[in-house]
Amino acid sequence: MQIATWNVNSIRARVDRVTAWLERTGTDVLAMQETKCKDEQFPREAFEALGYEVAVHGLNQWNGVAIASKVGIADVETSFTGQPGWGEAAVVEGRALGATCGGVRVWSLYVPNGRTLADPHYTYKLAWLEALRANAVEWAQQDLPTALVGDWNIAPLDGDVWDMEVFAGATHVSRPERDAFQAIQDAGFREVTREFTPDAYTYWDYTQLRFPKNKGMRIDFQLGSSSYAERVTGAAIDRNERKGKGASDHVPVIVDLAD
DNA sequence: ATGCCACTGTTTCAGTGA
């Protein structure tokens, strides 16, 4: 079984490219982030025509997560326990979607950006990750293989950005963010893609020729519970999906699981 | 070994992204 995660940066703008990729690769489960649409705007039919079932969770033009699966979708949850909200009204945003697909619990996650270290959004980001960690402790103790996949908006290692000097004092590389990422692994999850794809980026900014110059970031990951991680036989980052007209700024991160 | 920012809705600019 093949499970992928992809920040698509608007599914309505990208649906042809995403479904073409699914058709070509035969990926069983695709977790998407930044779908940027309400549930009723999601182009479900394009996925269903290829034999996928779709679960979606989007409140407005920001954020939004979805899962497409051709091995079933059950027990859908649109937030995790204690997930913090954003803004004065503390709205729980469309940033987490859980579903059981082919015997695997998949969470499609879009971790808050943080904006700057002084921004309330950064505090929100850390609180969001801490609430996720508390859930991860529980999920790790269950038998169901569980994968926390998505856009983590954290570059865990210095080599995960093209130039640490550019990121001095910026989000994505701060100690508290990296500690939060490690804490989820300490809760019983393991990042399963890096060992198969060292020295690879998953994101390149649209500006300043960042992709041709390969000035990217590695911020999309798959963290697996022990019963997920032990089934992983390989992983890949499809860099080709950043090429050409109409590309997302992120590329798919794919894991192969033993049956 | 790819190509000089891209989505969204309130739309002709602002908010967001990282």
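Excluded from the calculations below are hydrogen atoms, water molecules and symmetry mates; all remaining heavy atoms, backbone and side chain alike, are included. Proteins come first, then strands; the chains are lettered A, B, ... in the order of their sequence lines, and each starts at number 1.
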Rounded to whole Å, NZ of A/K213 lies from C1' of B/dC4 at a distance of 8 Å
Open item on the list: Quick check on the 6.0 Å ring-centre criterion: do A/W6 and A/H250 meet it?
Closed with: no
With B for base contact, S for sugar-phosphate-only contact and - for none (protein heavy atoms under 4.0 Å), nucleotides 8-18 of chain B reads SSB-----SSB
Applying side-chain contact (heavy atoms from CB on, under 4.5 Å) to A/F196 and not counting sequence neighbours gives A/V232, A/A235
Distance between the P atoms of B/dC4 and B/dG9, in whole angstroms?
25 Å
What distance, rounded to whole Å, do you find between the two C1' atoms, one in B/dC13 and one in B/dT2? 31 Å
Checklist entry - If we only count heavy atoms from C-beta on, is the A/K36 to A/N63 side-chain gap below 4.5 Å? => result no
Are A/W128 and A/W152 co-members of a hydrophobic cluster defined by side-chain heavy atoms under 4.5 Å apart?
yes
Check: Taking the same atom, C1', in B/dT11 and in B/dA6, what whole-Å distance lies between them?
Finding: 15 Å
For A/L59, the side-chain contact (heavy atoms from CB on, under 4.5 Å) test, sequence neighbours excluded, returns A/H57, A/V91
Run the ring-centre check on A/W139 versus A/W107 and record whether the distance is less than 6.0 Å.
yes
In whole angstroms, the gap separating P of B/dT2 from CD of A/E241 amounts to 12 Å
Next on the checklist: Between B/dA1 and B/dC7, how many Å separate the two C1' atoms, rounded to a whole number?
Outcome noted: 27 Å
Expressed as a whole number of Å, how far does the P atom of B/dC5 sit from that of B/dT10? 27 Å
